[in-house]
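The block underneath contains the structure these notes are about, expressed in structure tokens.
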Amino acid sequence: MQLNRTFLFAPGNHRRKLAKVFDVGADAVILDLEDAVAIAEKVAARETVRAALGTKVHARAYVRVNALDTSLTFEDLEAVVCADLDGIVLPKVERAADLQMVDWVVTSLEGKLGLAPGEIDLMPIIETGRGIATVRDIAMSGVPRVKRLSFGAGDYTRDMGMTWSRAEGELLPARSEVVLASRIADLEPPIDTVFIHINDADGFESSTAHVRDLGFQGKLCIHPNQIAAAHAVLTPDREQVAHARAVIAAFDQAEAEGSASIQLDGYFIDYPIVEKARRVVALAKAAEKAAT
């Protein structure tokens with residue numbers, strides 16, 4: 001099972017930060033060519049990012065390229081697609097055709113480099129009103145390399161003229177739609193937006209727990225200090241794992257005896273509950289393996 005609890009952004013033009021970012025504990029790192037890089041430095045940042053891809057150690061390597069409404073996207077892709085790249089993050093996606101176009105380019109580049117087609121992930125960020133309005137079509141784009149969606153609240157609230165509050169109540173409809181679209185399209189659970197209040201540890205933990213309960217599997221992060229907190233919230237604790245194992249064991253015994261619904265410690269258990277329990281155990285095992 002692949003862990004997608006944390007995707008940590010790092011500015012693509014900052015050599016010192018890129019030299020350390022793969023060792024700070026995130027499940028994946030996003031080397032950023034978009035918002036974190038000044039316009040004047042975007043072209044030069046491509047070379048810095050490409051060099052950093054060859055240094056990845058303990059985390060998967062993604063690159064956020066510039067959006068398709070700029071003149072930079074395709075040269076970004078040409079510069080960074082390589083054997084060391086695990087995925088592309090595509091911002092401001094508003095149509096299924098956006099993904100299909102980028103998929104065609106990446107497939108062509110993979111072929112030129114002798115890479116297996118589809119080897120590189122493509123993760124769209126849904127972060128505009130139009131993107132939310134069409135997110136079900138985006139999720140069902142038919143592009144196999146798109147395994148999960150992500151949500152970006154910064155551009156979404158700007159686009160919608162909303163105030164992005166610390167409580168984040170205004171984000172609930174959009175977040176719910178991203179989760180639902182992912183499920184309809186049989187994608188993985190999505191990845192939630194960054195939390196911009198870096199010094200508000202309690203707020204970050206609360207936001208992460210909230211989106212976990214909404215159906216997200218991970219968080220976009222903007223500071224290494226957020227990683228441990230996100231992992232603590234998004235990884236089952238010992239009590240949850242013990243309960244899940246007890247549920248599985250009790251149900252397996254009941255099923256062997258011809259029953260598919262039982263009670264355990266006051267809980268009703270049937271196939272959906274057992275399936276959730278099995279996911280809890282699988283996530284815990286993957287987290288334990290990653291920690292060793």
Side-chain angles (χ1 to χ4, degrees), residues 1-37 41-66 72-73 75-91 102-103 105-107 109-125 144-148 150 188 191-192 194 217-231 234-235 283 285-292:
M1 182 179 186
Q2 187 180 73
L3 292 171
N4 292 300
R5 300 164 298 178
T6 47
F7 285 76
L8 176 65
F9 280 107
N13 61 334
H14 202 302
R15 293 181 186 273
R16 184 175 61 82
K17 289 184 179 180
L18 296 188
K20 302 177 181 179
V21 71
F22 290 106
D23 294 320
V24 296
D27 293 328
V29 168
I30 302 174
L31 310 182
D32 195 13
L33 290 173
E34 197 210 14
D35 287 346
V37 179
E41 297 189 28
K42 285 184 180 289
V43 172
R46 293 170 182 156
E47 183 178 348
T48 305
V49 164
R50 177 62 188 87
L53 289 172
T55 68
K56 69 173 184 176
V57 181
H58 299 117
R60 304 194 315 279
Y62 287 67
V63 173
R64 179 166 69 172
V65 297
N66 288 281
L72 299 166
T73 316
E75 289 185 2
D76 285 348
L77 292 169
E78 286 181 327
V80 302
V81 169
C82 62
D84 296 316
L85 180 68
D86 294 296
I88 292 290
V89 177
L90 185 66
V102 171
D103 174 58
V105 173
V106 174
T107 300
L109 293 171
E110 286 171 331
K112 289 180 180 179
L113 295 169
L115 303 176
E119 189 171 292
I120 296 170
D121 283 358
L122 176 58
M123 186 170 75
I125 308 181
R145 70 174 78 243
V146 176
K147 299 178 176 64
R148 70 198 74 82
S150 61
E188 294 177 8
I191 308 300
D192 187 52
V194 299
Q217 67 168 317
K219 268 293 233 185
L220 299 173
C221 298
I222 53 174
H223 195 282
N225 289 347
Q226 296 176 329
I227 294 168
H231 287 180
L234 296 169
T235 306
L283 178 55
K285 285 182 177 178
E288 183 178 357
K289 181 178 179 181
T292 58

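Start at 1 with the first residue, then count along the sequence.
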Problem set entry | L33 backbone acceptor or donor facing N66 side chain under 3.5 Å | yes

For this session: Apply the test salt bridge (Lys or Arg N to Asp or Glu O under 4.0 Å) to residues R64 and D76: give CA-CA distance (whole Å), side-chain angles for both, the deciding distance (0.1 Å), then the verdict.
Result: CA-CA 9 Å; R64 179 166 69 172; D76 285 348; over 6 Å; no

Exercise. Can you tell me how far the CG atom of L77 sits from the CD1 atom of I120, to the nearest 0.5 Å?
Worked result: 9.5 Å

For this session: Could you grab the distance from atom CD of E41 to atom NE2 of H14, nearest 0.5 Å is fine?
Result: 10.0 Å

Exercise. Can you name the closest pair of heavy atoms from V29 and L31 and give their distance?
Worked result: CG1-CD2, 3.5 Å

For this session: Report the C-alpha separation of D103 and R145 in whole Å, then their side-chain angles, then the decisive distance to 0.1 Å, and conclude whether the salt bridge (Lys or Arg N to Asp or Glu O under 4.0 Å) test is met.
Result: CA-CA 8 Å; D103 174 58; R145 70 174 78 243; 2.5 Å; yes

For this session: Assess whether side-chain contact (heavy atoms from CB on, under 4.5 Å) is satisfied between L122 and V106, documenting all intermediate values.
Result: CA-CA 9 Å; L122 176 58; V106 174; 5.9 Å; no

Problem set entry | Residues R60 and D121 bridged, charged N to O under 4.0 Å | no

Problem set entry | Closest non-hydrogen atom pair between A230 and T6, with its separation | CB-CG2, 3.5 Å

Problem set entry | Nearest non-hydrogen partners of T107 and P117, listed with the distance | CG2-CB, 4.4 Å

Exercise. Are the side chain of K56 and the backbone N or O of D84 linked by a donor-acceptor pair below 3.5 Å?
Worked result: yes

Seminar exercise, completed: Residues L18 and G12: closest non-hydrogen pair is CD1-O, 3.7 Å

Exercise. Is there a side-chain contact (heavy atoms from CB on, under 4.5 Å) between L220 and I191 once you walk through the steps?
Worked result: CA-CA 7 Å; L220 299 173; I191 308 300; 3.9 Å; yes

Problem set entry | Test side-chain hydrogen bond (donor to acceptor under 3.5 Å, both in side chains) applied to E188 and Q2, R148, K147, the passing residue | R148

Seminar exercise, completed: Between the CG atom in L115 and the SG atom in C82, the distance rounded to the nearest 0.5 Å is 8.0 Å

Problem set entry | D32 CG to L8 CG distance, which is reported to the nearest 0.5 Å | 11.0 Å

Problem set entry | Check: D27 side chain, R5 main-chain N or O, donor-acceptor pair, under 3.5 Å | yes

Seminar exercise, completed: Scanning both residues in full, the closest heavy-atom pair of P124 with V146 reads CD-CG1, 3.9 Å

Seminar exercise, completed: Distance col, row L3:CG vs T235:OG1, nearest 0.5 angstrom, shows 7.0 Å

Problem set entry | Heavy-atom donor-acceptor pair, S150 side chain to D192 backbone, under 3.5 Å | no

Seminar exercise, completed: Note: L53 and V80 closest approach over all heavy atoms is CD1-O, 3.6 Å

Exercise. What is the distance from atom CZ of R46 to atom CD of E75, rounded to the nearest 0.5 Å?
Worked result: 5.0 Å

For this session: Taking E34 for its side chain and P91 for its backbone only, find out whether a donor-acceptor pair lies under 3.5 Å.
Result: no

For this session: Evaluate side-chain contact (heavy atoms from CB on, under 4.5 Å) for Q226 paired with K219, printing each intermediate quantity in order.
Result: CA-CA 9 Å; Q226 296 176 329; K219 268 293 233 185; over 6 Å; no

Problem set entry | Heavy-atom donor-acceptor pair, D86 side chain to A61 backbone, under 3.5 Å | yes

